[in-house]
Amino acid sequence: MNKYRTHTCNELRKDNNTEKVILSGWVNKKRDHGNLLFIDLRDNYGITQCLIDKENSNFKKLEKIQLETVIKIKGNVVQRSKESINNEISTGEIEVIIENFDILGECRELPLPVFSDQEYSEEIRLKYRFLDLRRKKIHENIILRSNVISFIRNEMIKYGFLEFQTPILTSSSPEGARDFLVPSRLNPGKFYALPQAPQQFKQLVMVSGFDKYFQIAPCFRDEDARADRSPGEFYQLDLEMSFVEQEDVFKVIERLFVNIFKKFSKKKLLFSKFPTISYKESMLKYGNDKPDLRNPLIISDITEIFFRDDVSFEIFKKLVKTGSMVRCIVTKDTKDKPRSFFDNIDRWAKEQGASGLAYFTLEKNDEISAKGPVGKFFTKEALELLMSKTGAKIGDSFFLACGKKNDLEKITSLARDKIAKDLELIDESTFAFCWIVDYPMFEKDIQSNQIKFSHNPFSMPQGDVDKINFDKPLEILAYQYDLVCNGVELSSGAIRNHIPDLMYKLFNIAGYSKSDVDQKFSGMINALSYGAPPHGGIAPGIDRIVMLLANEKNIREVTMFPMNQNAQDLMMNAPSNISESQLKELNLSLKVKK
RNA sequence: GGGGGUGUAGCUCAGUUGGUUAGAGCGAUCGCCUGUCACGCGAUAGGUCGAGGGUUCGAGUCCCUUCACUCCCGCCA
């Protein structure tokens, strides 16, 4: 026992009746009845109702105390009468009658109320983050985050992984996102980069013979923010294993994630063995590589229908002849939906920059026909073919989009979400995990028309290494995988390429010469030529895991001290100007654009 | 770099077609109230309507410029 408290604000029960206690905490709420004053005292653990009446000489002083002042009270625990028990709080069966009190920390007038369910502007919340963090919801989110991280750490150690730290000041690498740079005082004109991920280090750890590594690793990428992407820094569970195949990594992650999500969420897991979907299949059926499998809608390619003579939908037919494709989404049993339902979706698609979504509904009077603005363009035979291709039945509706592959994927992907939302098809009480596999090693940059790595340049290409056809680089698949949950990309990983010769060949395709590779990736390429084990790994994003568990849409709700969208810390005033002497020491001069 | 949204009291917001002195709830200050748990009641203070310019007899409201925050696109191996 110390001088501040005998109990926390969430400890006292009716068994403590008549005990003398000391409590310390924040004044959460006052209810002043003039001759009787209730004070809800709050700490990290909970709330205890304290009261004082005018007979006590401290009454006047306590009556005037500001909310959020930190006080210490000395008093007696009493059991509440039956009528005055508060079932909302776990100390609700008792209250503490205050004998005397001390102010431990004064509080000025608050810029934002702490005890309130109202929402506040991000600006004020971030500036006064220490007040914001006292509020129930976000306080619990941050505690959840802490619990999730220590659970992960324990699990990983249980699975035989070793935790290591890797450097924060490292070298800039040409691939990937923009780097955060740090000037070197001892090496004038040279810069460190903050790691975008400990990618090369973790591979070096494997080459060093440590077998299984993990780290809760900070990662730094100087890219623009999104709701689910902090500017600057985020955390990954970085892990790597030697002598493994893709399936071995999956096993570790599935075990870990099933355990995490069962422990920290009441929602059901749709799969405990996560389904694997190839990149190609995912792009067709879902229009993206992070499908929300809670959504039952599937996209089908029906381009070939538009080559038939008995289909007279001329706008689409003309586009198809010039290389466009047609894809559709079928909704089950929507024949009775009002016209406005369909028109809303069509209008919405136009707002997304598409040319709209054509639609019709299958019906059958004497024979099968299509009802809707474009229904008349399809004969009975064409409709029957569509039904067999898509599994559609009488009463179902078709939404059709036509366009070039990329645009088509984009709009059908968005439409799949939009239609499912409108029809309330998504079960919010489940988590649906899946693996996306078989990523292409390379892709063509649309603007420059050059071949570049589509994912991670250190990934191992699939197939027999001797038989890889380097003349058709776009056909090379990689042992590269993403973990996806409810449409959120949680993680990327790969079996790594540990063969230097193969590395040179692949980098050559992406436009890097041997000497480029030797220079830019010197540490790693060098290490790989001194006996490197086959290895692979993955790096799930901690922030996004906690977002899913806390049911939050914004990453700042699970981040203690986040920056705003312009990468500024409004509480600490970062970034800030530095002195002339600091610049001089670093051999830097500034040319700020006006 | 581009597009959308927002900006009115310390906080959350309302403010009609452009029309007299810009409102409410919470908070603050003062007063009343002994069983509340979002306690209740009464009063008072608090405003460069984000900033600048314009149209108009008259602008919180319309137009232009600009700033801040936010969401999205680009970007994120």
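What you see is a predicted model; the values in this text were computed from it and never measured. A, B, ... follow the sequence lines: proteins, then strands. Residue 1 opens every chain.
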Using a cutoff of under 3.5 Å, can you pull out all pairs of nitrogen or oxygen atoms linking the protein to nucleotides 4-10 of chain B, with atom names and distances?
residue	atom	partner	partner atom	Å
B/G10	O2'	A/Pro111	O	3.3

Got a sec, which residues hit side chain to side chain donor-acceptor pair (under 3.5 Å) with A/Asn508, two or more places apart in sequence or on another chain?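 By the side chain to side chain donor-acceptor pair (under 3.5 Å) rule, A/Asn508 matches no residue at all.
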
Give the residues of residues 192-200 of chain A touching RNA chain B, defined as any heavy atom closer than 4.0 Å, sorted by residue number. A/Ala197, A/Gln199

Please list, in numerical order, the residues of residues 485-515 of chain A that have a heavy atom closer than 4.0 Å to any atom of RNA chain B. none

Listed once per pair and sorted, the side-chain hydrogen bond (donor to acceptor under 3.5 Å, both in side chains) pairs that draw on residues 220-236 of chain A, sequence neighbours left out: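 side-chain hydrogen bond (donor to acceptor under 3.5 Å, both in side chains) check on residues 220-236 of chain A returns no pairs.
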
How about A/Glu63: does its CD atom have over 12 heavy atoms from other parts shown lying under 6.0 Å from it?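 Counting neighbours around CD of A/Glu63, more than 12 heavy atoms of other residues, nucleotides or ligands fall under 6.0 Å, so yes.
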
Can you tell which of [options] lies closest to the side chain of [X]?
X	options	value
A/Arg221	B/C11, B/C33, B/C76	B/C76
A/Gln49	B/U36, B/C11, B/A28	B/U36
A/Phe115	B/C76, B/U36, B/A38	B/A38
A/Glu95	B/A28, B/C39, B/U36	B/U36
A/Asn86	B/C39, B/G31, B/C37	B/C37

Check A/Asp518 with A/Lys514, please: is the shortest side-chain N to carboxylate O separation under 4.0 Å?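 Looking at A/Lys514 and A/Asp518, the cut-off is met.
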
Regarding A/Glu552 and A/Lys137, does a basic nitrogen lie under 4.0 Å from an acidic carboxylate oxygen?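 Yes, this pair counts.
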
For nucleotides 71-74 of chain B, tabulate all protein N/O to nucleotide N/O atom pairs closer than 3.5 Å, reporting atom names and distance.
residue	atom	partner	partner atom	Å
B/C71	OP1	A/Asn554	ND2	2.7
B/C71	OP1	A/Arg556	NH2	2.7
B/C71	OP2	A/Gln565	NE2	3.2
B/C72	OP2	A/Ala227	N	2.9
B/C73	OP2	A/Arg226	NE	2.8
B/G74	N7	A/Arg226	NH2	2.6
B/G74	O6	A/Asp224	OD2	3.4
B/G74	O6	A/Arg226	NH1	3.1
B/G74	O6	A/Arg226	NH2	3.1
B/G74	N1	A/Asp224	OD2	2.6
B/G74	N2	A/Asp224	OD2	3.4

Measure OH/A/Tyr120 against P/B/C69 and give the value in whole Å, please.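 For the pair A/Tyr120 OH and B/C69 P, the rounded distance is 21 Å.
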
Does A/Glu119 contact B/U12 through a side-chain donor or acceptor facing the base, at a distance under 3.5 Å? no

